[in-house]
There are 2 protein chains.
Amino acid sequence: MKSLSIGSLAEKTGVHIETIRYYEREDILPKATRSESGRRLYDEGDVRRLNFIHKCRSLGFSLKEIISLMSLVDTGDYTCRQVHDLTLVHTKEISEKISDLRKMEQVLIEMAEHCSQGNVPECPIIDSLFDS
Amino acid sequence: MKSLSIGSLAEKTGVHIETIRYYEREDILPKATRSESGRRLYDEGDVRRLNFIHKCRSLGFSLKEIISLMSLVDTGDYTCRQVHDLTLVHTKEISEKISDLRKMEQVLIEMAEHCSQGNVPECPIIDSLFDS
DNA sequence: CTTGATCCTGTAGTGACTACAGGATACATA
DNA sequence: TATGTATCCTGTAGTCACTACAGGATCAAG
């Protein structure tokens with residue numbers, strides 16, 4: 001049943017081979033069973049697990065958060081409310097990042113608006129970068 | 001004239017002492033002149049320079065970008081248009097980050113909306129995290 | 001039987017810091 | 001003048017989540 005190579009797992013999940021090995025090293029994925037010659041072998045359960053990790057990463061969860069999440073899932077010891085609340089906390093962190101970046105964006109746009117955009121060696125962007 | 005300690009420079013600019021030493025090591029700041037006993041000494045020019053770096057960092061520029069920007073400024077070999085265009089490119093990168101984060105945020109919010117938030121060990125968030 | 005694809009381990013690099021350890025020096029107070 | 005504590009020094013290692021080799025073994029197809 002364990003018949004997928006690391007390459008196939010990578011292809012099925014969109015996670016790079018090097019990253020899969022890294023996840024194993026860091027105990028985010030369990031040690032893979034090996035073929036006689038020492039190659040890693042996977043099955044559909046591994047695909048499912050790696051999809052979970054991949055999706056969490058794409059939603060901005062850290063590997064530490066993913067480890068906690070997965071251990072909740074593995075033990076079955078969680079409630080919908082608990083997961084919901086964890087998700088809300090994470091969503092708030094994302095929202096804060098967005099608002100930080102929007103502030104940067106706004107400052108940059110405002111700075112650029114003052115430019116003559118001319119062929120001259122004076123620039124209000126440079127000037128305002130020197131302000132503390 | 002060079003009479004500021006690294007601690008004073010840190011206080012004036014809001015940049016940590018360790019970070020100032022790091023910037024010197026990485027040639028983002030020039031090697032500081034030293035007192036007889038080997039302590040770093042700074043002046044208002046250094047304050048100005050570090051403010052520039054600090055402000056650039058707060059606007060999301062990488063240290064590499066800052067090095068290029070500063071060498072433009074140091075040589076005086078730049079035009080307003082050039083700086084304006086560099087800034088626009090950087091602003092676009094910020095905007096892309098924002099839009100990526102907003103997509104994450106949206107998915108998270110939608111996932112959370114489906115929760116019963118009950119005291120039960122079934123959760124639609126977990127279910128959808130397993131989808132590829 | 002050979003060729004090229006795939007796999008293995010182990011190590012080092014990335015970016016921008018941050019956090020010590022272990023010691024030297026400066027300055028304010030008793 | 002002695003002392004205590006604040007500040008400084010160098011050098012190294014850790015953080016996060018990969019990514020990129022080097023150098024070698026093994027597999028599958030023609």
Side-chain angles (χ1 to χ4, degrees), chain A residues 2-29 31-42 46 49-70 90 93-94 97 100-101 104, chain B residues 2-29 31-42 46 49-70 90 93-94 97 100-101 104:
Chain A
K2 292 260 184 190
S3 55
L4 292 172
S5 68
I6 194 171
S8 314
L9 180 63
E11 210 173 341
K12 276 194 175 230
T13 57
V15 177
H16 292 154
I17 289 177
E18 316 269 25
T19 306
I20 295 171
R21 288 197 281 246
Y22 166 74
Y23 285 167
E24 182 179 313
R25 238 179 7 257
E26 299 293 309
D27 290 322
I28 290 135
L29 284 175
K31 306 278 169 213
T33 54
R34 300 296 183 118
S35 74
E36 275 184 37
S37 64
R39 298 190 167 198
R40 289 175 181 81
L41 292 176
Y42 301 97
D46 296 312
R49 198 173 186 83
L50 189 50
N51 275 335
F52 182 92
I53 296 166
H54 191 41
K55 185 132 189 192
C56 286
R57 286 296 296 131
S58 79
L59 292 171
F61 287 98
S62 71
L63 291 180
K64 256 189 195 163
E65 288 172 318
I66 293 171
I67 288 170
S68 321
L69 256 176
M70 284 210 307
H90 178 65
E93 287 166 13
I94 301 276
K97 277 189 195 161
D100 289 349
L101 285 169
M104 286 185 198
Chain B
K2 292 258 184 190
S3 57
L4 293 171
S5 68
I6 194 169
S8 315
L9 180 63
E11 211 173 341
K12 277 195 174 227
T13 58
V15 177
H16 292 155
I17 290 177
E18 316 268 24
T19 305
I20 295 172
R21 289 198 281 247
Y22 167 73
Y23 285 167
E24 181 179 314
R25 241 182 0 258
E26 299 292 310
D27 290 321
I28 290 133
L29 285 175
K31 308 278 169 211
T33 53
R34 300 295 183 118
S35 74
E36 273 185 39
S37 65
R39 297 190 169 198
R40 290 175 180 81
L41 292 176
Y42 301 96
D46 296 313
R49 198 173 185 84
L50 190 50
N51 274 337
F52 182 93
I53 296 167
H54 192 41
K55 185 131 187 195
C56 285
R57 287 293 300 132
S58 79
L59 292 172
F61 287 97
S62 71
L63 292 180
K64 258 190 193 163
E65 287 171 319
I66 294 171
I67 289 171
S68 321
L69 257 175
M70 284 210 308
H90 178 64
E93 287 166 13
I94 302 275
K97 277 190 195 160
D100 288 349
L101 285 169
M104 285 184 198

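Here is the naming used below: chain letters follow the sequence lines, and residue numbers restart at 1 for every chain. All values reported here derive from a predicted model rather than from experimental measurement.
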Within this structure, what is the [atom1]-to-[atom2] distance between [X] and [N], rounded to whole angstrom?
{"X": "B:L29", "N": "C:dA16", "atom1": "CG", "atom2": "P", "value": "14 Å"}
{"X": "B:E24", "N": "D:dC8", "atom1": "CD", "atom2": "P", "value": "14 Å"}
{"X": "B:H54", "N": "C:dC17", "atom1": "NE2", "atom2": "P", "value": "10 Å"}
{"X": "A:I6", "N": "D:dT26", "atom1": "CD1", "atom2": "P", "value": "17 Å"}
{"X": "A:E36", "N": "D:dA28", "atom1": "CD", "atom2": "P", "value": "12 Å"}
{"X": "B:D27", "N": "C:dA16", "atom1": "CG", "atom2": "C1'", "value": "15 Å"}
{"X": "B:I28", "N": "C:dC17", "atom1": "CD1", "atom2": "C1'", "value": "10 Å"}
{"X": "B:L50", "N": "C:dC17", "atom1": "CG", "atom2": "P", "value": "11 Å"}

For this session: Start with the C-alpha distance between A:L4 and A:L41, add both sets of side-chain angles, then the distance that settles side chain to side chain contact (heavy atoms under 4.5 Å, CB included), and finish with yes or no.
Result: CA-CA 5 Å; A:L4 292 172; A:L41 292 176; over 6 Å; no
Where the side chain of [X] is concerned, which of [options] is the nearest nucleotide?
{"X": "B:R39", "options": "C:dC8, D:dA17, D:dC9", "result": "D:dC9"}
{"X": "B:L63", "options": "D:dC9, C:dC7, C:dA16", "result": "C:dA16"}
{"X": "B:I17", "options": "D:dC8, C:dC7, C:dA16", "result": "D:dC8"}
{"X": "A:Y22", "options": "C:dT6, D:dC18, C:dT25", "result": "D:dC18"}

If the cut-off is 4.0 Å, is [X] near the phosphate of [N], judged by side-chain N/O to OP1 or OP2?
{"X": "B:T19", "N": "C:dA16", "value": "no"}
{"X": "B:S5", "N": "D:dC8", "value": "yes"}
{"X": "A:R25", "N": "C:dT11", "value": "no"}
{"X": "A:R57", "N": "D:dC18", "value": "yes"}
{"X": "B:H16", "N": "C:dC17", "value": "no"}
{"X": "A:Y23", "N": "D:dC18", "value": "yes"}
{"X": "A:S37", "N": "D:dC27", "value": "yes"}

Exercise. Okay, side chain of A:E65, backbone of A:S62: is any donor-acceptor separation there less than 3.5 Å?
Worked result: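 Flag set: sc A:E65 to bb A:S62 pair under 3.5 Å.
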Exercise. Do A:T13 side-chain atoms and A:L9 backbone N/O form a donor-acceptor pair below 3.5 Å?
Worked result: yes
Exercise. Has the side chain of B:R21 got a donor or acceptor atom sitting under 3.5 Å from an opposite partner on the base of D:dT10?
Worked result: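 Not at all, since no donor on one side and acceptor on the other fall under 3.5 Å apart.
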For this session: Using the salt bridge (Lys or Arg N to Asp or Glu O under 4.0 Å) rule, pick out the option among B:R49, B:K31, B:R34 that qualifies with B:E24.
Result: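 Only match with B:E24 under salt bridge (Lys or Arg N to Asp or Glu O under 4.0 Å): B:R34.
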Exercise. Looking only at heavy atoms, which two atoms of B:I6 and B:R21 are closest? And how far apart?
Worked result: CD1-CG, 3.5 Å
Exercise. When all nucleic acid strands are considered with a 4.0 Å heavy-atom cut-off, which category describes A:F61: base, sugar-phosphate, or nothing?
Worked result: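 No contact at all - A:F61 keeps every heavy atom at 4.0 Å or more from the nucleic acid.
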Problem set entry | Test side chain to side chain contact (heavy atoms under 4.5 Å, CB included) applied to A:L63 and A:R57, step by step | CA-CA 7 Å; A:L63 291 180; A:R57 286 296 296 131; 3.6 Å; yes
Exercise. Considering heavy-atom distances to DNA chain D, does A:S35 or B:Y42 have its closest nucleotide positioned more toward the 5' end?
Worked result: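 Checking each residue's closest nucleotide, the 5'-ward one belongs to B:Y42.
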